[in-house]
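Letters A, B, ... are given to chains in the order of the sequence lines, protein chains preceding strands, and every chain is numbered from 1.
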Amino acid sequence: MSREELLRVLGAFEAAGLEYVLVGATAMAFHGVVRATEDVDLFVRATPENIGRLRAALRNAYDDDPNIDAITADDLLGDYPAVRYYPPSGDLFLDILTRLGEVASFDSITMEYKEVEGIRVRVATPAALYRLKRNTVRPLDRQDAEMLRQRFHLGETEGSE
Amino acid sequence: MTRQARVQRFRSVEEMSRAPVLTPADGSFERFVQLCARLRALAPDEYPRGVFKFRTLEEAQAARRDRHQSSR
């Protein structure tokens, strides 16, 4: 993942007015819990208008990559709430989610703003990240949850809003 | 970094090597992108291109796992 590419994507999100929230390792990094990753995970608000903003932002960041046309509101609001986009750079990929079963959606994730290089970034709070990660099956996620719990002194009931 | 976070305990070396590094939040973005770049340099991987759709997170994770296994 190149620094410039990530900043370009985050800047495009802000410029498009995208309603999103970063989760996963990229979000953890903004809270000082740092591990390497290949992807950028984000929830987006599930409305046709917002999916339009997502497509506009990605087209802006990736020079009108025609593959972006395959990211549709019909899918993200319908049977396919998880879309993985591999941009032409070949250096990272984006996991775009509108909901996670009954567990999470854009509206259920508390967020805060962080700033990097003048770009306002919407990041899930440590408690929200902990809640997303603590009950998943991947060992890596459980380990992330434990690091968040230690770092932010989160209890078992934390983030269970 | 808090005083309590200065010592991290692990049950195995594998667990330790997977663990995130706790750093002060200021400057952690730079450390993050450096770590990601190092990962790409040490374990280069050729990604496909385009858009892939999944009904569940489990499907998405399985696809990722399968791709990793097939690229080994």
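Both the backbone and the side chain of A/E38 come within contact range of chain B, judged by heavy atoms closer than 4.5 Å. Contact of A/P66 with chain B is not made at all, since no heavy-atom distance falls under 4.5 Å. If you measure heavy-atom distances from A/L7 to chain B, the contacts under 4.5 Å come from the side chain alone. Of the two parts of A/R138, only the side chain, counted from C-beta on, holds a non-hydrogen atom closer than 4.5 Å to a non-hydrogen atom of chain B. When heavy atoms are compared at a cutoff of 4.5 Å, B/R38 does not approach chain A at all. Contacts of B/E58 with chain A are absent, with no heavy-atom separation under 4.5 Å from either backbone or side chain.
Both A/I119 and A/L94 are members of a single hydrophobic cluster when ILVMFWY side chains are connected at heavy-atom separations under 4.5 Å. In the hydrophobic clustering of ILVMFWY residues, with side-chain heavy atoms under 4.5 Å counting as a link, A/L42 and A/Y80 come out apart. Hydrophobic clustering (side-chain heavy atoms under 4.5 Å, transitive across Ile, Leu, Val, Met, Phe, Trp, Tyr) keeps B/F54 apart from B/L57. Put simply, A/L18 and A/I68 are part of the same group of oily side chains (I, L, V, M, F, W, Y) that touch within less than 4.5 Å, one to the next. By the criterion of side-chain heavy atoms lying less than 4.5 angstrom apart, applied directly or through intervening Ile, Leu, Val, Met, Phe, Trp or Tyr residues, A/F106 is grouped together with A/Y130 in one hydrophobic cluster.
Going from atom CZ of A/R3 over to atom SG of B/C36 covers 13.0 Å, rounded to the nearest 0.5 Å. Atom CG of A/D141 and atom CD of B/Q61 lie 6.5 Å apart (nearest 0.5 Å).
Classification of B/R49 and A/D65 as a salt-bridged pair fails, no side-chain N sitting under 4.0 Å from a carboxylate O.
Among B/A63, B/A60, B/P48, the residue making the largest number of heavy-atom pairs under 4.5 Å with chain A is B/P48. Comparing B/E30, B/E59, B/E46, B/R31 by how many heavy-atom pairs each has under 4.5 Å with chain A, the most go to B/E30. No other option in A/S2, A/P88, A/G101 has as many heavy-atom pairs under 4.5 Å with chain B as A/P88. When A/V116, A/D91, A/T26 are compared by the number of non-hydrogen pairs under 4.5 Å with chain B, A/D91 comes out ahead. Ranking A/L97, A/L92, A/D95 against chain B, the residue ahead of the rest is A/L92, based on heavy-atom pairs under 4.5 Å.
Of all the heavy atoms in A/A36 and B/L35, the pair that sits closest is CB-O, 3.7 Å. Contact record, A/N67 with B/V51: O-CG2, 3.3 Å, taken as the closest heavy-atom pair. B/F32 approaches A/A25 most closely through the heavy-atom pair CE1-O, 3.9 Å.
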**OP:** Apply side-chain contact (heavy atoms from CB on, under 4.5 Å) to the pair B/F29 and A/L6, showing each step before the final yes or no.
**Re:** CA-CA 11 Å; B/F29 179 80; A/L6 182 55; 3.6 Å; yes

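B/K53 contributes no side-chain N or O that, together with a main-chain N or O of A/D79, makes up a donor-acceptor pair within less than 3.5 Å.
The aromatic rings of B/Y47 and A/Y86 sit tilted, their planes meeting at an angle between 30° and 60°.
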